[in-house]
Asker: 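Just passing along the structure, written as C-alpha cells.
All values derive from a computational prediction rather than experimental measurement. Atoms within a ligand are numbered from 1 in the order they appear, just like the ligands themselves.
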Amino acid sequence: MGRCGQVIMGPAGSGKSTYCARLAEHMQAIQRSVHIVNLDPAADQFNYDVSIDVRQLVSLEDAMEEMELGPNGGLIFCMEYLIDNVDWLADELEQLGNEAYVLFDCPGQIELFSHVPLMRTLVNELQRLDFAVAGVYLLDAQFMVDPSKYMSGVLTCLSCMTALELPHINVLTKLDLLASKGDVDRYLDPPIEELIAELSADPGFDARRAALTHAIGTVISDYGMVNFMGLDPTDENSVDLILMAIDHAIQYHDDVEPREPRDDDVELQDDGDEGDFAGLGSVHG
Ligand SMILES: Nc1nc2c(ncn2[C@@H]2O[C@H](COP(=O)(O)OP(=O)(O)OP(=O)(O)O)[C@@H](O)[C@H]2O)c(=O)[nH]1
C-alpha cells in the first residue's frame with residue numbers, strides 16, 4: 001500500500017486530538033498500526049502517544065518571543081518554518097517506515113488554509129513523499145444544531161475541501177453530548193430548503209442576506225458538495241464507519257491482504273438503508 005494517512009483539521013476545540021486518540025485506539029484494536037504526528041506548534045499536551053512533534057522543530061512560544069510576534073503571526077511563522085525545513089519532517093517520517101499510516105493532527109486556524117496556502121503546501125509535500133492522504137474536517141455537533149451555524153460550518157468545510165483538493169470527509173464530533181439524536185440526523189443529511197426557510201423566518205435576517213444564503217445553500221445542496229459523518233466516541237460503530245469511509249477514499253484496502261475476522265470485531269450494520277453509509281457520500285475524491 002505504501003504510506004498513507006489523514007490530515008485532521010477543524011476549529012479549536014472541535015475534537016481533533018480526541019479524534020486522533022480515539023481512532024488510534026480503534027485501529028490498534030483491529031490490529032492496524034498507526035502513528036500520530038502533532039503539527040500544531042501551540043499544542044503541548046496530548047491524549048495520545050506522539051510519534052513526531054513539530055515542537056521539536058519549532059514551538060509557538062519560542063517563535064512569539066524570538067520574532068516578537070502575536071499568536072496568529074507566530075503560528076504563520078511556525079508553519080512557514082516547518083515548510084522551509086520540510087526535510088526535517090521527511091526524515092522523521094522516514095523513520096516510521098514505508099508502510100506507515102499516519103494521523104496528522106493540525107492547527108485549527110482557518111487562515112492556514114484560506115489566507116495563505118500553507119496547509120496546501122504541506123499537503124503537496126506529503127504527496128511528494130508518496131503519502132496517500134485524505135483530509136478530515138471536524139466540526140463540533142453542538143454548534144451545528146442551528147441553521148445559521150450549520151451554514152457557516154458548511155462554508156468552512158467547503159473552504160478547506162477546495163483549498164486542499166484531497167479526498168475529503170467531514171465529521172460532526174461530540175454526538176454523545178447531544179440531548180437528542182434526532183437533532184443531528186437532520187444535519188447529517190440536511191434538508192437545505194427547510195434550513196433556509198427557518199433562517200429566512202428569523203426577523204433579524206434581512207431579505208438580501210436571506211437571498212444570498214438561499215443561493216449558497218442551493219449550490220451546496222444541488223452539487224452535493226458537503227455531507228457529514230457523525231462521530232460518537234462511545235460508539236465503536238461510528239468510529240469504524242469513519243475509518244471505512246477514509247479507507248475507501250484513499251483506496252487503502254486495494255493493496256492490503258484481508259485480515260482474518262476476530263471475535264471482538266465491530267459488526268457493521270448494513271441493513272440496506274443508505275443512511276448507515278450516508279457518510280460515504282461525503283467522500284470527495
Ligand atoms: N464528550 C465528548 N467530548 C469531546 C469529544 N471530542 C472532544 N471532546 C472534548 O472537547 C474538548 C476539546 O477537544 P480536543 O480534542 O482537545 O479538541 P482540538 O480540536 O484538538 O482542540 P485544539 O487543540 O484546541 O485545536 C476536550 O475537553 C475533549 O475532551 C467527543 O466526541 N465527546
Asker: For L177 and ligand 1, does the shortest N/O to N/O distance drop below 3.5 Å?
Answerer: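 No; every N/O pair is 3.5 Å or more apart.
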Asker: Strictly less than 4.0 Å: does any protein heavy-atom distance to atom 20 (O) of ligand 1 fall in that range?
Answerer: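 Answer yes: something from the protein, a heavy atom, is under 4.0 Å.
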Asker: Check whether any heavy atom of S14 sits under 4.0 Å from an atom of ligand 1.
Answerer: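 For ligand 1, residue contact (heavy atoms, under 4.0 Å) with S14 is present.
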Asker: Considering non-hydrogen atoms of the protein only, which is the closest contact for atom 18 (P) of ligand 1, and what is the distance?
Answerer: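 Answer for atom 18 (P) of ligand 1: K16 N, 3.4 Å.
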Asker: How about Y150 and F143: are their ring centres within less than 6.0 Å of each other?
Answerer: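 Y150 vs F143: aromatic centres not under 6.0 Å.
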Asker: Counting non-hydrogen protein atoms only, what is the nearest one to atom 1 (N) of ligand 1? Give residue, atom name and distance.
Answerer: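 It is D176 OD2, 2.8 Å.
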Asker: Minimum heavy-atom separation for M79 and P41, please, with both atom names.
Answerer: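 In this case the closest contact between M79 and P41 is SD-CD, 4.0 Å.
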Asker: V171 and side-chain contact (heavy atoms from CB on, under 4.5 Å): which partner among I242, I246, I8?
Answerer: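 The side-chain contact (heavy atoms from CB on, under 4.5 Å) with V171 is passed solely by I242 among I242, I246, I8.
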Asker: Look at atom 7 (C) of ligand 1 and say which protein heavy atom is nearest, naming residue and atom and giving the distance to 0.1 Å.
Answerer: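 Result: T18 OG1, 3.2 Å.
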Asker: Of all the heavy atoms in P107, does at least one lie under 4.0 Å from an atom in ligand 1?
Answerer: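 Per 4.0 Å heavy-atom rule, P107 does not contact ligand 1.
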Asker: Can you label the angle between the F104 ring and the F131 ring as parallel, tilted or perpendicular, going by 30° and 60°?
Answerer: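 Ring orientation, 0 to 90° scale: perpendicular.
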Asker: Yes or no: does P233 have any heavy atom under 4.0 Å from an atom of ligand 1?
Answerer: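 Within the 4.0 Å threshold, so yes.
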Asker: Using protein heavy atoms only, decide if any is under 4.0 Å from atom 5 (C) of ligand 1.
Answerer: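 Looking at atom 5 (C) of ligand 1, one finds that a protein heavy atom does lie closer than 4.0 Å.
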Asker: To which protein heavy atom is atom 10 (O) of ligand 1 closest, and what is the distance rounded to 0.1 Å?
Answerer: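 In this structure, atom 10 (O) of ligand 1 has K174 NZ, 3.1 Å as its nearest protein heavy atom.
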